Chemist: 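Below are the structure tokens for one structure; questions will follow.
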2 protein chains.
Amino acid sequence: MSSVSESEVMQLHAEICAGLADPKRIMILYELVPGPRNVNDIAAALGAPQPQISRHLKVLRERGMVIAERHGATVAYTVADARIIQALDLLRQVLADKLRNQAALAATAASASE
Amino acid sequence: MSSVSESEVMQLHAEICAGLADPKRIMILYELVPGPRNVNDIAAALGAPQPQISRHLKVLRERGMVIAERHGATVAYTVADARIIQALDLLRQVLADKLRNQAALAATAASASE
DNA sequence: ATGTTACATTCGTCTATTCGCATATGTCAC
DNA sequence: GTGACATATGCGAATAGACGAATGTAACAT
């Protein structure tokens, strides 16, 4: 019966979004798309120190956005929900269009000043 | 020719996500879904002080996520891209499922301890 | 038990965000 | 011009986020 209040939902919604609000975390999530990866592999792939990646993974874990699974000495991380990647892709498209429009505007301005 | 580097894209991607990383901003964006709204209406609808809403709108504006259009004394705000709302909806669904699963788990635990 | 590899956490510091409050700007009506 | 309304911004305090560097824990092999 623990119904969640409207503002609590908004808070949780914002926390999930905040999980995406860091370039490294976005890169980590995309690294996990092809399949599970362990921490050192991610760190190596992104050229970032392992503790930094571990901390970012903790942020994502706390928000239920990735799943950690121990396999012996290593820990495999997975994206918890494919819709997280879908949302990232949507926002990436928004960004791509914005950059495209800016480039077009710049070209227009350039040709206007020729 | 201004090609944007990989990490710059990630930075911009993260900035858009950061635009969503606040409960009030999410509420503002959903307020704009039915149609354009001016600042005071949003502030009244959310029961928040006008300067706070104005600042949040500035954050969204700077990231190109909303469009401001002056009409006389008032300024009408619109969501710049419908995919922003789609992304929010996706993440909201992720959250809803998570809450549903947590509730189910709690119920299981409760029945196990009967 | 020791060593080695994999991962997580703590600490101190720095930067960024958010807020309330007051105030500035902008637009219109008169 | 003045006044009234709509929106934006400056300022200071409080809070949160991210980092590097060092250290702690966990799993396994020998």
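Below, all heavy atoms of this structure are taken into account, side chains as well, without hydrogens, waters or symmetry copies. Small disclaimer: the values here were computed from a predicted structure and weren't measured.
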Chemist: Of all of residues 17-47 of chain A, which get a heavy atom below 4.0 angstrom from DNA chain C, listed by number?
Modeler: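 DNA chain C contact set from residues 17-47 of chain A: Asn38(A), Val39(A), Asn40(A).
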Chemist: Can you tell me which residue pairs pass the side-chain hydrogen bond (donor to acceptor under 3.5 Å, both in side chains) test with a partner in residues 41-52 of chain A, sequence neighbours excluded?
Modeler: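 The answer is Lys24(A)-Gln52(A).
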Chemist: Could you tell me which non-hydrogen atom of Ala48(A) sits nearest to which non-hydrogen atom of Ile53(A), and how far apart they are?
Modeler: CB-CD1, 3.8 Å
Chemist: Polar atoms only, N or O, under 3.5 Å: list the protein pairs with nucleotides 9-13 of chain D and their distances.
Modeler:
| unit_1 | atom_1 | unit_2 | atom_2 | d |
| --- | --- | --- | --- | --- |
| dG10(D) | O6 | Arg55(B) | NH1 | 2.5 |

Chemist: Can you list everything that forms a side chain to side chain contact (heavy atoms under 4.5 Å, CB included) with Ala45(A)? Sequence neighbours excluded, please.
Modeler: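 Residues passing side chain to side chain contact (heavy atoms under 4.5 Å, CB included) with Ala45(A): Glu31(A), Arg37(A).
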Chemist: Is the shortest side-chain heavy-atom distance between Leu12(A) and Leu99(B) below 4.5 Å?
Modeler: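 Yes, side chains in contact.
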Chemist: Identify, with sequence neighbours excluded, every residue that meets salt bridge (Lys or Arg N to Asp or Glu O under 4.0 Å) alongside Arg63(B).
Modeler: none
Chemist: Considering only heavy atoms, which members of residues 66-80 of chain A lie under 4.0 Å from some atom of DNA chain C?
Modeler: Ala73(A), Thr74(A), Val75(A), Tyr77(A)
Chemist: In this structure, how many angstroms lie between the C1' atom of dC19(D) and the NE2 atom of His56(A), rounded?
Modeler: 8 Å
Chemist: Quick check: does any side chain N or O of Arg25(B) sit under 3.5 Å from a backbone N or O of Gly19(B), one acting as donor and the other as acceptor?
Modeler: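 Flag set: sc Arg25(B) to bb Gly19(B) pair under 3.5 Å.
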Chemist: State which residues pass side chain to side chain contact (heavy atoms under 4.5 Å, CB included) with Glu62(A); sequence neighbours excluded, sorted by chain then number.
Modeler: Lys58(A)
Chemist: Distance check needed: dG17(D) C1' versus Gln11(B) CD, whole Å only.
Modeler: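 Atom CD in Gln11(B) sits about 14 Å away from atom C1' in dG17(D).
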Chemist: Would a 4.5 Å heavy-atom cut-off, applied to side chains only, mark Leu88(B) and Tyr30(B) as touching?
Modeler: yes
Chemist: Sort and list the pairs that fulfil side-chain hydrogen bond (donor to acceptor under 3.5 Å, both in side chains) and have at least one residue in residues 9-18 of chain A, not counting sequence neighbours.
Modeler: Gln11(A)-Glu15(A)
Chemist: Within the structure provided, determine whether Leu20(B) and Ile84(B) are in side-chain contact (heavy-atom separation under 4.5 Å).
Modeler: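 Heavy-atom side-chain distance check passes, below 4.5 Å.
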Chemist: For the helix from dA1(C)-dT30(D) to dC30(C)-dG1(D), measure the angle between the helix axis at one end and the axis at the other, each built from five pairs, rounding to 10°.
Modeler: 20°
Chemist: If you walk 5' to 3' along DNA chain C, what is the first nucleotide with an atom under 4.0 Å of a heavy atom in chain B, and what is the last?
Modeler: dT18(C) to dC28(C)
Chemist: Could you list who else is in Leu90(B)'s hydrophobic cluster, with ILVMFWY side chains joined at under 4.5 Å, directly or through other members?
Modeler: Leu90(A)
Chemist: Got a sec, which residues hit side chain to side chain contact (heavy atoms under 4.5 Å, CB included) with Ala76(A), two or more places apart in sequence or on another chain?
Modeler: Pro36(A), His71(A)
Chemist: Is a donor on one side and an acceptor on the other found under 3.5 Å between the side chain of Arg61(A) and the backbone of His56(A)?
Modeler: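 Checking the backbone N and O of His56(A) against the side chain of Arg61(A), no donor-acceptor pair under 3.5 Å is found.
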Chemist: What I want to find out is whether Arg83(B) reaches Asp97(A) closely enough, with some N-O distance under 4.0 Å, to be called a salt bridge.
Modeler: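 Salt bridge flag = yes for Asp97(A) with Arg83(B).
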Chemist: Check whether any side-chain heavy atom of Ile16(A) lies under 4.5 Å from a side-chain heavy atom of Leu95(B), and answer yes or no.
Modeler: yes
